[in-house]
A.B. asks: 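Mind looking over this structure? Questions follow.
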There are 2 protein chains.
Amino acid sequence: MDTTGQDERLSTAERRRGELLEAADRVVLREGPGASMNAIAAEAGITKPILYRHFGDKGGLYRALAVRHTDALLEALRAALDAPSERRERVEATLDTYLAAIEARPQVYRFLMHPAEDSTTGEGAFDVGQHSAPLLRRLGEELAQVIAERVDLGPESEELARVWGHGIVGMMHAAGDWWLRERPCERAQLVRHLADLLWGRLAAAGDRVGGPGF
Amino acid sequence: MDTTGQDERLSTAERRRGELLEAADRVVLREGPGASMNAIAAEAGITKPILYRHFGDKGGLYRALAVRHTDALLEALRAALDAPSERRERVEATLDTYLAAIEARPQVYRFLMHPAEDSTTGEGAFDVGQHSAPLLRRLGEELAQVIAERVDLGPESEELARVWGHGIVGMMHAAGDWWLRERPCERAQLVRHLADLLWGRLAAAGDRVGGPGF
DNA sequence: GTCAGATCGTTACCATGGGTAATAACAAGT
DNA sequence: ACTTGTTATTACCCATGGTAACGATCTGAC
């Protein structure tokens, strides 16, 4: 990713926009999603109105930021999804890619998923247009498409694929979120556990002594 | 009639707290999670400082509200989880209970899960202490416990159960969220699709023509 | 040279909304 | 009646998103 290099054929406005986004990124990474527009403007060496000229409102800025990171993550996931290996391996690779990403940059992840975080002064923190849902929905749709394209699911293929796409993404997200907080095991282990779940081990497992199992 | 309305002789702090919570509930249901403390106070027939005396800050109020609804939902889920039927049936009943709940009261659901919503004036909307994660984590832990208690998972039982608990809850949540937005099918159908996913149908399905499947 | 007009930028300001003194009613115990 | 503790109110602080009005600067045309 050549974010910093001086791009040749870009209008000054586009260049500026990129610079502003990077400044915003730094601030958000440092201060969390509650970063104020003033702080971002200061980091960029300018003042608020310019930010508003470029991004409309705070939601616009955050959306631009989110899109940027989401694109990067999606690209990585697509690579894992498109690898020429067996299905189980592919699923594990995808899960691992996602988890590795959120492990490597938890701040970015928290920004994308959990808009608010601190409440030092008196405001709580801003959500600004709910960018978490877009990311998850995008991932869900993407996965649904891959499933629909490649897995033979009979007549209800389309519908099933979408349900599964969103379901699996949600599973990955929730498990990852919990794992990131508690770190109860290695990443590889988590990946195996989740793949096992997807592979129907819950259905296959026997009941425990004392009654019918879940 | 003075400000409080029809109160006989009931000045207990707990009663008041309950009344305030109900007023807050009405406002949040009407105006969404972005409801201001002033609005809530007005609905309750009192003023801000009283709310702050009772709940500390906005996060406290919203947390109290969330706990209340979460408790109700959890109770319903526990009933489905504890039914004396077979595992698959139980899983379907639990999924259906959850989905029926969010279908019946989407406003409540959105409040619990998606803190922000509108941005009429100029602020975006407040998250206030992230009450969505607590709900999901609580559900995840609860389910993990049920799984660990009743399913025989071998040596890693504990760990597996927690991963699965959070994973399944996340799957349910994400799929439900998407379903609620797009309504692509009947609830029963969604339940079946999700249960199928949990039952390993993804692993069992064949590849589509043209290459290895996901 | 100088003037019109986009850009790019700043200061000063508004409105909203969370949160908190300072203070007023008012009940009861003495 | 005097004190005391609870309850509620008014009036305020202050941070933040968002904007209007104004200034600087660079470009090309005449």
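Small disclaimer: the values here were computed from a predicted structure and weren't measured.
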A.B. asks: To the nearest 0.5 Å, what is the distance between CG (A:L190) and CE (A:M172)?
C.D. replies: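 It is 11.0 Å, given to the nearest 0.5 Å.
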A.B. asks: To the nearest Å, give me how far apart CZ (B:R17) and P (D:dT7) are.
C.D. replies: 14 Å
A.B. asks: Between atom CD1 in B:I40 and atom C1' in C:dG17, what is the gap in whole Å?
C.D. replies: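 Distance, rounded to whole Å: 12 Å.
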A.B. asks: Which pairs, protein N/O on one side and nucleotides 10-14 of chain C N/O on the other, fall under 3.5 Å?
C.D. replies:
| residue | atom | partner | partner atom | Å |
| --- | --- | --- | --- | --- |
| C:dT10 | OP2 | A:T47 | N | 3.0 |
| C:dT10 | OP2 | A:T47 | OG1 | 2.4 |

A.B. asks: Given atom CG of B:L51 and atom P of D:dA8, what is their separation to the nearest angstrom?
C.D. replies: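 Distance check: B:L51 CG to D:dA8 P gives 11 Å.
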A.B. asks: Expressed as a whole number of angstroms, how long is the span from A:Y52:OH to D:dA20:P?
C.D. replies: 13 Å
A.B. asks: Tell me which pairs pass salt bridge (charged side-chain N to carboxylate O under 4.0 Å, His left out) where either residue lies in residues 65-76 of chain B, with sequence neighbours left out.
C.D. replies: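 Listed by first then second residue: B:D71-B:R138.
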A.B. asks: Mind calculating the distance between CG (B:N38) and P (D:dC12) to the nearest angstrom?
C.D. replies: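 Whole-Å distance recorded here is 16 Å.
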A.B. asks: With sequence neighbours excluded, tell me which residues meet ring-ring contact (aromatic ring centres under 6.0 Å, His included) with B:W164.
C.D. replies: none
A.B. asks: Can you tell me how far P of C:dG18 sits from CG of B:D57, to the nearest Å?
C.D. replies: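 B:D57 atom CG is separated from C:dG18 atom P by 11 Å.
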A.B. asks: For A:E89, which residues count as a salt bridge (charged side-chain N to carboxylate O under 4.0 Å, His left out) partner, sequence neighbours excluded?
C.D. replies: none
A.B. asks: Bend across the helix from C:dG1-D:dC30 to C:dT30-D:dA1, to 10°, with axes taken over 5 pairs at each end?
C.D. replies: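 What I find for the helix from C:dG1-D:dC30 to C:dT30-D:dA1 is an axis angle of 30°.
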A.B. asks: Under the side-chain contact (heavy atoms from CB on, under 4.5 Å) test, which residues partner A:A44, sequence neighbours left out?
C.D. replies: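 side-chain contact (heavy atoms from CB on, under 4.5 Å) check on A:A44 returns A:L20, A:A23, A:I46.
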A.B. asks: For residues 177-198 of chain A, which residue pairs pass the ring-ring contact (aromatic ring centres under 6.0 Å, His included) check, not counting sequence neighbours?
C.D. replies: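 Passing the test, one end in residues 177-198 of chain A: A:W178-B:H166.
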A.B. asks: According to side-chain contact (heavy atoms from CB on, under 4.5 Å), who are the partners of B:N38, at least two apart in sequence or on a separate chain?
C.D. replies: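 Here the qualifying residues are B:S36, B:K48.
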A.B. asks: Atom CZ of B:F55 and atom C1' of C:dT20: how far apart are they, to the nearest Å?
C.D. replies: 18 Å
A.B. asks: Only counting residues at least two apart or in another chain, list the ones meeting side-chain contact (heavy atoms from CB on, under 4.5 Å) with A:A64.
C.D. replies: A:R17, A:L21, A:F55
